[in-house]
Amino acid sequence: MTATVGGIMAAAADRIESGGWASHYQQPGVTLSDAIALEARDAAGPNATRAALLTAAFAALKRHIGAACLSDCLGAHDRTQPEIVAGLRGAAGTTSEEWRVS
């Protein structure tokens, strides 16, 4: 079985679409970091693989949005759920990093 960073990002986008997005300014829902972390946690394999997926997923999102500080960009007061989901889906489409899990 192979877990991909793109798969983690796409699943996090699905989680936010279905459960809502929670920012500092709007509740309830799941935060961006929690959505990514929950998907990495649910990936098959050892903890080291999950940790690598989590780190790579945040790096991919940061590369995709080009933000020096991810939390400032995505936590901005005017940020919307569709923008968050689009960012996750965009990052998912631009990464090909994979880990083999036996």
Side-chain angles (χ1 to χ4, degrees):
M1 174 180 263
T2 302
T4 66
V5 173
I8 296 294
M9 304 301 280
D14 291 344
R15 183 180 290 268
I16 289 174
E17 277 184 328
S18 67
W21 171 59
S23 73
H24 296 292
Y25 309 100
Q26 56 192 31
Q27 302 288 333
V30 64
T31 65
L32 173 69
S33 58
D34 285 348
I36 294 171
L38 289 167
E39 296 305 328
R41 178 204 67 189
D42 293 344
N47 286 339
T49 299
R50 292 184 198 130
L53 281 167
L54 182 63
T55 299
F58 279 109
L61 184 59
K62 188 174 179 179
R63 276 192 311 272
H64 178 70
I65 63 172
C69 183
L70 191 62
S71 63
D72 287 347
C73 176
L74 298 175
H77 182 70
D78 61 345
R79 195 70 52 222
T80 65
Q81 180 173 320
E83 289 173 315
I84 297 299
V85 170
L88 287 165
R89 294 207 188 285
T94 60
T95 184
S96 62
E97 298 176 44
E98 297 182 355
W99 284 267
R100 291 233 170 253
V101 180
S102 44

Give me the atom names and distance for the closest heavy-atom approach of [X] to [Y].
X	Y	value
Ala92	Gly6	CB-O, 3.4 Å
Ala60	Val5	CB-CG1, 4.1 Å
Glu39	Ala11	OE1-CB, 3.3 Å
Ile36	Ala57	CG2-CB, 3.7 Å

Could I get the full list of side-chain contact (heavy atoms from CB on, under 4.5 Å) partners for [X], not counting sequence neighbours?
X	result
Ala35	Ala12, Arg15, Ile16, Val30
Ser33	Thr31, Phe58
Ala91	Met9, Leu61, His64

| said: So, taking the atom named CG in Leu88 and the one named CD1 in Ile65, what distance separates them when rounded to the nearest 0.5 Å? | reply: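 One gets 9.5 Å once the value is rounded to the nearest 0.5 Å.
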| query | How would you list, by chain and number, every residue that makes a side-chain hydrogen bond (donor to acceptor under 3.5 Å, both in side chains) with Asp14, sequence neighbours excluded? | reply |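 Result, side-chain hydrogen bond (donor to acceptor under 3.5 Å, both in side chains) vs Asp14: Arg89.
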| message | Could you check whether any side-chain N or O of Arg50 sits under 3.5 Å from a backbone N or O of Asp42, counting only pairs where one atom can act as donor and the other as acceptor? | response |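 Flag not set: sc Arg50 to bb Asp42 has no pair under 3.5 Å.
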| message | What I'd like to find out is whether the side chain of Leu38 reaches to under 4.5 Å of the side chain of Arg41, using heavy atoms alone. | response |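 SC-SC contact between Leu38 and Arg41 confirmed.
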